[in-house]
A.B. asks: 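Could you have a look at this structure, given as structure tokens, before my questions?
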Amino acid sequence: MSNNAALIKKIATAGIMLAIIIIMQLLKNVVPAEASGSVINAVLAIVTINLGIWWGLGFCLLTPITSILVAFASPMTTLTYITFGLNIPIIALGNFIFVFLAKLGHDLYLKYKEQKLWLWTIIFITLIALGAVAKFLFMWGSAKWIIEPIFKDKLDDPTTKVLYALFSLTQLIAGLISVPIVYALTLAIDKFTNNSVNK
């Protein structure tokens, strides 16, 4: 495949993935945040694993911005105003922690699966799960030790509840739900890609 064709394929794939993210963000007041968040996490990981780390980083940064754009009157938007946008890079970095560990797990799995498939399968799944936990800890810690102390005069009780709803247990549940989704989709894509190459 030529470089131009490969780039066009990546752009088309990125467009589809972004559309899925935006749809889930539009539905976030209809479906539970844990469900929409798990799908978004999975898409971010799939983008990073299949398109590359820089595409993943771009999506991680773009996702909190599109969340505000598609739901302008949401609690997320209110939090963005109060924190002068500080929540956006925190969410982006939390996302990146998750997708980086998912990609690391996939890369190790592909490299060593011929030696001990069962072991590297467990390592792959464990690294995705560690990414979910690390993202949760980072975002919860950022809310507790960065956002709340800096903006304590602006955060009333309802906004503080929103902050911790967005940055704590919901993130952990969504992240853990996304673990089997990322694993299953990644293996399915790997199998499809291998079959296409071998034809």
A.B. asks: How far apart are the closest heavy atoms of F124 and T186, and which atoms are they?
C.D. replies: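 Smallest heavy-atom distance, with atoms named: CZ-CG2, 4.0 Å.
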A.B. asks: Under a 3.5 Å threshold, yes or no: a donor from one side chain and an acceptor from the other, between D190 and T193?
C.D. replies: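 Distance-only check fails for D190 and T193.
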A.B. asks: Could you check whether any side-chain N or O of T159 sits under 3.5 Å from a backbone N or O of L155, counting only pairs where one atom can act as donor and the other as acceptor?
C.D. replies: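 Checked: no pair found.
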A.B. asks: Measure across A129 and L176 and return the closest heavy-atom pair with its distance rounded to 0.1 Å.
C.D. replies: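 A129 and L176 have their closest heavy atoms at O-CD2, 4.4 Å.
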A.B. asks: Could you pull out all donor-acceptor pairs under 3.5 Å where a side-chain atom in residues 90-101 meets a protein atom, sequence neighbours excluded?
C.D. replies:
{"residue": "N95", "atom": "OD1", "partner": "K135", "partner atom": "NZ", "Å": "2.7"}
{"residue": "N95", "atom": "ND2", "partner": "I91", "partner atom": "O", "Å": "3.4"}

A.B. asks: Enter the distance from I40:CD1 to S178:OG here, rounded to the nearest 0.5 Å.
C.D. replies: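 Atom-to-atom, I40:CD1 and S178:OG are 11.0 Å apart.
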A.B. asks: Shortest non-hydrogen contact from P149 to K144?
C.D. replies: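 So the minimum-distance heavy-atom pair works out to CD-O, 3.2 Å.
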A.B. asks: Can you tell if the side chain of W120 reaches within under 4.5 Å of the side chain of K111, non-hydrogen atoms only?
C.D. replies: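 A side-chain contact is absent here, since even the closest heavy-atom pair is not under 4.5 Å.
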A.B. asks: Which value, rounded to the nearest 0.5 Å, describes the distance between I147 atom CD1 and L166 atom CG?
C.D. replies: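 Nearest 0.5 Å value for the CD1-CG distance: 9.5 Å.
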A.B. asks: Check the pair N50 / T13 against side-chain contact (heavy atoms from CB on, under 4.5 Å), numbers first and verdict last.
C.D. replies: CA-CA 9 Å; N50 290 280; T13 303; over 6 Å; no
A.B. asks: So, taking the atom named OG1 in T170 and the one named CZ in F136, what distance separates them when rounded to the nearest 0.5 Å?
C.D. replies: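 Spacing of OG1 (T170) from CZ (F136) equals 10.0 Å.
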A.B. asks: Check whether any side-chain heavy atom of L117 lies under 4.5 Å from a side-chain heavy atom of Y112, and answer yes or no.
C.D. replies: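 L117 does not reach Y112 side chain to side chain.
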A.B. asks: Between L163 and F151, is a side-chain contact (heavy atoms from CB on, under 4.5 Å) present by the stated rule, with each step listed?
C.D. replies: CA-CA 11 Å; L163 170 65; F151 301 102; over 6 Å; no
A.B. asks: Which atoms form the tightest heavy-atom contact between A132 and L172, and what is the distance?
C.D. replies: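 Shortest heavy-atom separation between A132 and L172 comes out as O-CD1, 4.5 Å.
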A.B. asks: Could you tell me if the side chain of F167 sits less than 4.5 Å from the side chain of L79, heavy atoms only?
C.D. replies: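 L79 reaches F167 side chain to side chain.
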A.B. asks: Could you check whether any side-chain heavy atom of I123 comes within less than 4.5 Å of a side-chain heavy atom of Y109, counting everything from C-beta outward?
C.D. replies: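 They are not in side-chain contact.
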A.B. asks: Compare every heavy atom of I181 with every heavy atom of S38, then report the nearest pair and how far apart it is.
C.D. replies: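 For S38 and I181, the tightest heavy-atom pair comes out as OG-CD1, 4.4 Å.
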A.B. asks: Got a salt bridge between K161 and D157, using NZ or NE/NH1/NH2 to carboxylate O under 4.0 Å?
C.D. replies: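 Judged by the 4.0 Å cut-off on N to carboxylate O distance, K161 and D157 do not form a salt bridge.
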A.B. asks: How about F138 and Q171: do any of their side-chain heavy atoms sit closer than 4.5 Å?
C.D. replies: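 No; the side chains remain at least 4.5 Å from each other.
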A.B. asks: Minimum heavy-atom separation for C60 and L44, please, with both atom names.
C.D. replies: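 That closest heavy-atom pairing would be N-CD2, 4.1 Å.
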A.B. asks: Short question: side chain of T63, backbone of F59 - any donor-acceptor pair under 3.5 Å?
C.D. replies: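 Judged by distance alone, yes, a pair lies under 3.5 Å.
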A.B. asks: Nearest 0.5 Å, please: how far is CG in L104 from NE2 in H106?
C.D. replies: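 The distance works out to 11.5 Å.
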A.B. asks: Check the pair L62 / I21 against side-chain contact (heavy atoms from CB on, under 4.5 Å), numbers first and verdict last.
C.D. replies: CA-CA 10 Å; L62 187 61; I21 287 173; over 6 Å; no
A.B. asks: Determine yes or no for a side-chain-to-main-chain donor-acceptor pair under 3.5 angstrom, with K10 supplying the side chain and L51 the backbone.
C.D. replies: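 Judged by distance alone, yes, a pair lies under 3.5 Å.
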A.B. asks: Using 0.5 Å steps for rounding, measure from the CG atom of L119 to the CG atom of L108.
C.D. replies: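 Answer rounded to 0.5 Å: 10.5 Å.
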A.B. asks: Using modelled atom types only, decide if a donor and an acceptor are shared between the side chain of S168 and the backbone of W140 within a distance under 3.5 Å.
C.D. replies: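 Pair absent, no side-chain N/O of S168 close to backbone of W140.
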A.B. asks: For the pair L69 and Q25, evaluate side-chain contact (heavy atoms from CB on, under 4.5 Å) and give the outcome as yes or no after the intermediate values.
C.D. replies: CA-CA 10 Å; L69 294 176; Q25 289 174 337; over 6 Å; no
A.B. asks: Please tell me whether W54 and I8 are part of a single hydrophobic cluster in this structure, the criterion being side-chain heavy atoms less than 4.5 Å apart.
C.D. replies: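 No; tracing contacts between hydrophobic side chains, which count when under 4.5 Å, never links both residues.
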A.B. asks: As an exercise, state the distance from CG of L18 to CD1 of I23, rounded to the nearest 0.5 Å.
C.D. replies: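 Rounded to the nearest 0.5 Å, the CG-CD1 separation comes out at 10.0 Å.
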